[in-house]
Every structure is written in structure tokens, then in C-alpha cells.
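Notes to accompany the following structure.
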Amino acid sequence: MSLHDHHCVNALNATARERILIMDGAMGTMIQGLGLGEDDYTGHGTGTPCTHATDLPQKGNNDLLTLTQPQAIEQIHYDFAIAGADIVETNTFSSTAIAQADYGLEAAVHDLNVEAARVARRALDRATAQDGKPRYVAGAVGPTNRTASLSPDVSDPGYRAVTFDGLRLAYRDQIRGLIIGGADLILIETIFDTLNAKAAIFAAIEAFQAQGIRLPIMISGTITDASGRTLSGQTPTAFWHSVAHARPFSVGLNCALGAGAMRPHMAELAGVVDTLTCAYPNAGLPNAFGQYDEGPEETAAQLAGFAQEGLLNVVGGCCGTTPEHIRAIAEAVAPFAPRQLEKEQAA
Ligand SMILES: [Zn+2]
């Protein structure tokens, strides 16, 4: 079957040439603010009761809220969209059989992904009906809680808790659900182990072939180490060389230590990648209680610095960032032109 490109590709590329695209902020932070309990997570208190059988507690299974509290998730997407996000991430960071195994909900994965894309689409359509601005659903594909190229056991460095094919199959089910639900892009994010990301890229290509459609892929790594490397030991340039074959719509960095620590690594990436760049840092460093204190103006001012240096094509926020952060970021980067690709400069 020959693949056709998703209809959003031309519009996205055209907008990306004109201005910096805005992503949303942290779904997890907004969910935390709701103060939900076990009954809310399962939908057996308020909401839509979960129809998938499991004996394990669900509090903390944020992705399940797509099924059990869909109005709340839709409202969060809508708030980010109205704040200025062009691209909104589905609530599917942990919606793989591997990550859902912690909650006994491997069987819910298809529903979680299909519904998450639909809920996001509904929220964005509501926002677009209000202001006429086109918006895009990015199907969020998280790293899972296992690493394919490292051992979790220091006394047994050859051991692996997951294989490439185990990841590939889990990601394929997830991405298939996201496509069926209507996602416009696939966002492989918070990559700490590049081998996991490569399994997700492979799975995305398999899912595209099965569905007969190719979605733009966004790829985002995370630098967790003060030496400027991913957990699996790569510098930003090495990371790019490992994923460039996917011909991604964008490559960038997210999460981790906040915008200040991310800046030199984004500068390195922006200097080597031949596609769009994307940055969505946390709201600074977490405090002793794991909360983020960096206010919207502070995050926005730092990201405006990125934009002024010409490092950015897509920008948003990760952990700790709220709709107020996204509104401030969108306003702060608006005066600056998007980063120019080398091939455009040459033309
Ligand atoms: Zn984060």
C-alpha cells in the first residue's frame, strides 16, 4: 500500500516558516491540581466508570482519566489551546502495555489511545470554533519505565528489563490507537534511552504502513545529566545522528532541568539538525517537595532568549508549566522569527 502524507503536513510546514509554533504545557501538573482520589481515577465516584478489569489501585494513573474523567482532560486541553498552543499533546504518555502493566490495564491500551486523541481533537475544535486558528493533536509517546540499552541491576549489567521487540510491539499498538483516534502528529518524547526511541520510530513506520497514512514525527530527548548527555550517554549531536534516519518533522529537548540548563544543548542541536527544532523545558528545577516554582514570566523570558538566538521552531512547556506559562511563552517569542533551516538560507 502506498502511503499518503497526513493532510496537516503542508499547513504545519507553512506556519512553521512564518512563526514559532507553540506547544502546550504539563498535563500532569494540571491533573495534580485537581486533587483527584482513587474513586475519581476509576470513575466509580464521579465520572465514567472504568470498564477494564484490574485489582490494582489506579490513583496516579493519569492516562486512565481520559476514559474516566474525559471532561476534565478535555478542559485542560482546551485551556492550553486558548492560551495559545497550536499543538496539544494527548494524555497518553504512559499508554503502552509496558507502562500500563503497573496498573494491570494492559488491555485498556487501545481505548486509552483512541479516546485520548478524540478528547484532544474535541477540545481543539472547540477552541478553533472560537478563534478560527487551526490546531494539531500530537499523539504523545512516552519512554516507558524501562530501558532497552541499560540494566536496572548494577550487579548484572548485561540484564535487560525490556527488549527492542517488546517495546516495538507495545509502541505499535499505542501509535495505531492514536492514528485511529485522529492524531495529526506522533510525538516521541522524554527520550532518555535512544534505543527505546528507535523502537518507537520503527513502530510508527509499521503503524503508518498498516493504516496507509504517514504522520509527521516529532522527536524529543531529555538531558538528565550535568555533563549534557542523555541517560544512555549521548550528547545532543550523537542523539541527532541516531534518529535522523526517521526524517522527523522536529527534533528537540524537553523536561529535565529547566530552560537555563537546556540552553547550551538546544544551541548544539540547532547547529546540527536539518529539520525543525523543538524545546519544551520544565518550569525550572523542582524544589525539595518536587514542585516547580518558576513563574510564567521567568520561563517565558528564558525561552524568548532561545528565540532571539534563533534556536527555536517549536516551543512549549513540560513539568510545572500551566496555561499561564504557555500564554506568557507565546507572547514572549512572538516578536522573533523562527530558526532558519540551512537549506532555506542557501536558497
Ligand atoms: Zn517534564
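Atom set for the values below is all heavy atoms of this structure, side chains included, hydrogens, waters and symmetry mates excluded. Because the structure is predicted, anything quoted here is derived from the model rather than measured.
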Quick one: does [X]'s side chain get under 4.5 Å of [Y]'s, heavy atoms only?
X    : Y    : value
Q58  : C50  : no
I180 : Q211 : yes
F249 : V9   : no
Y292 : H325 : no
N145 : I98  : yes
E189 : M218 : no
P323 : M30  : yes
V251 : W240 : yes

Is the side chain of [X] donor-acceptor paired with the backbone N or O of [Y] at a distance under 3.5 Å, no angle test?
X    : Y    : answer
N113 : L178 : no
H241 : A238 : no
T222 : T190 : no
T90  : A116 : no
Y171 : F202 : no
N196 : L167 : no
T92  : S95  : no
D184 : Y136 : no
T66  : L112 : no
S220 : N254 : yes

Heavy atoms from other residues, nucleotides or ligands near NZ of K133 exceed 12 (cutoff 6.0 Å): yes

Enclosure of R327 CZ (heavy-atom neighbours >12, cutoff 6.0 Å): yes

Passing candidate, side chain to side chain contact (heavy atoms under 4.5 Å, CB included) with L276, options S250, P216, P248: S250

Identified side chain to side chain contact (heavy atoms under 4.5 Å, CB included) counterpart of R339 within the set L311, L312, V273: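 It is V273, the one option of L311, L312, V273 that forms the side chain to side chain contact (heavy atoms under 4.5 Å, CB included) with R339.
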
Would a hydrophobic clustering, with Ile, Leu, Val, Met, Phe, Trp and Tyr connected at side-chain separations under 4.5 Å, put [X] with [Y]?
X    : Y    : answer
V137 : V315 : no
I188 : I213 : yes
I191 : V243 : yes
L105 : V119 : no
I329 : V88  : no

Spacing of [X] atom [atom1] and [Y] atom [atom2] [to the nearest 0.5 Å]:
X    : Y    : atom1 : atom2 : answer
F306 : M266 : CZ    : CE    : 7.0 Å
T46  : L36  : OG1   : CG    : 7.5 Å
N62  : I31  : CG    : CD1   : 4.0 Å
D293 : E298 : CG    : CD    : 9.5 Å
L34  : L65  : CG    : CG    : 8.0 Å
D24  : I76  : CG    : CD1   : 10.5 Å

Which heavy-atom pair separates [X] from [Y] by the least distance, and what is that distance?
X    : Y    : value
P152 : A161 : CG-CB, 4.1 Å
L3   : F208 : CD2-O, 3.3 Å
A101 : R146 : CB-NH2, 4.4 Å
N282 : A256 : ND2-O, 2.8 Å
L67  : T48  : O-CB, 3.5 Å
A26  : C318 : CB-O, 3.3 Å

From CA spacing to verdict: side-chain contact (heavy atoms from CB on, under 4.5 Å), S232, L195: CA-CA 8 Å; S232 57; L195 190 53; over 6 Å; no

No-hydrogen, no-angle side-chain donor-acceptor test under 3.5 Å, [X] and [Y]:
X    : Y    : value
T230 : D193 : no
D156 : S151 : no
Q32  : Q291 : no
T277 : N313 : yes
E294 : T299 : yes

Full working for side-chain contact (heavy atoms from CB on, under 4.5 Å) between K198 and H245: CA-CA 10 Å; K198 290 175 81 75; H245 66 282; 3.3 Å; yes

Pairing of R168 and D165 as salt bridge, 4.0 angstrom limit: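 Yes, this pair counts.
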
Candidate pair H265 and F239, rule side-chain contact (heavy atoms from CB on, under 4.5 Å), full reasoning: CA-CA 11 Å; H265 311 310; F239 175 66; over 6 Å; no

Worked check of side-chain contact (heavy atoms from CB on, under 4.5 Å) between I82 and R126: CA-CA 9 Å; I82 287 295; R126 268 170 62 206; over 6 Å; no

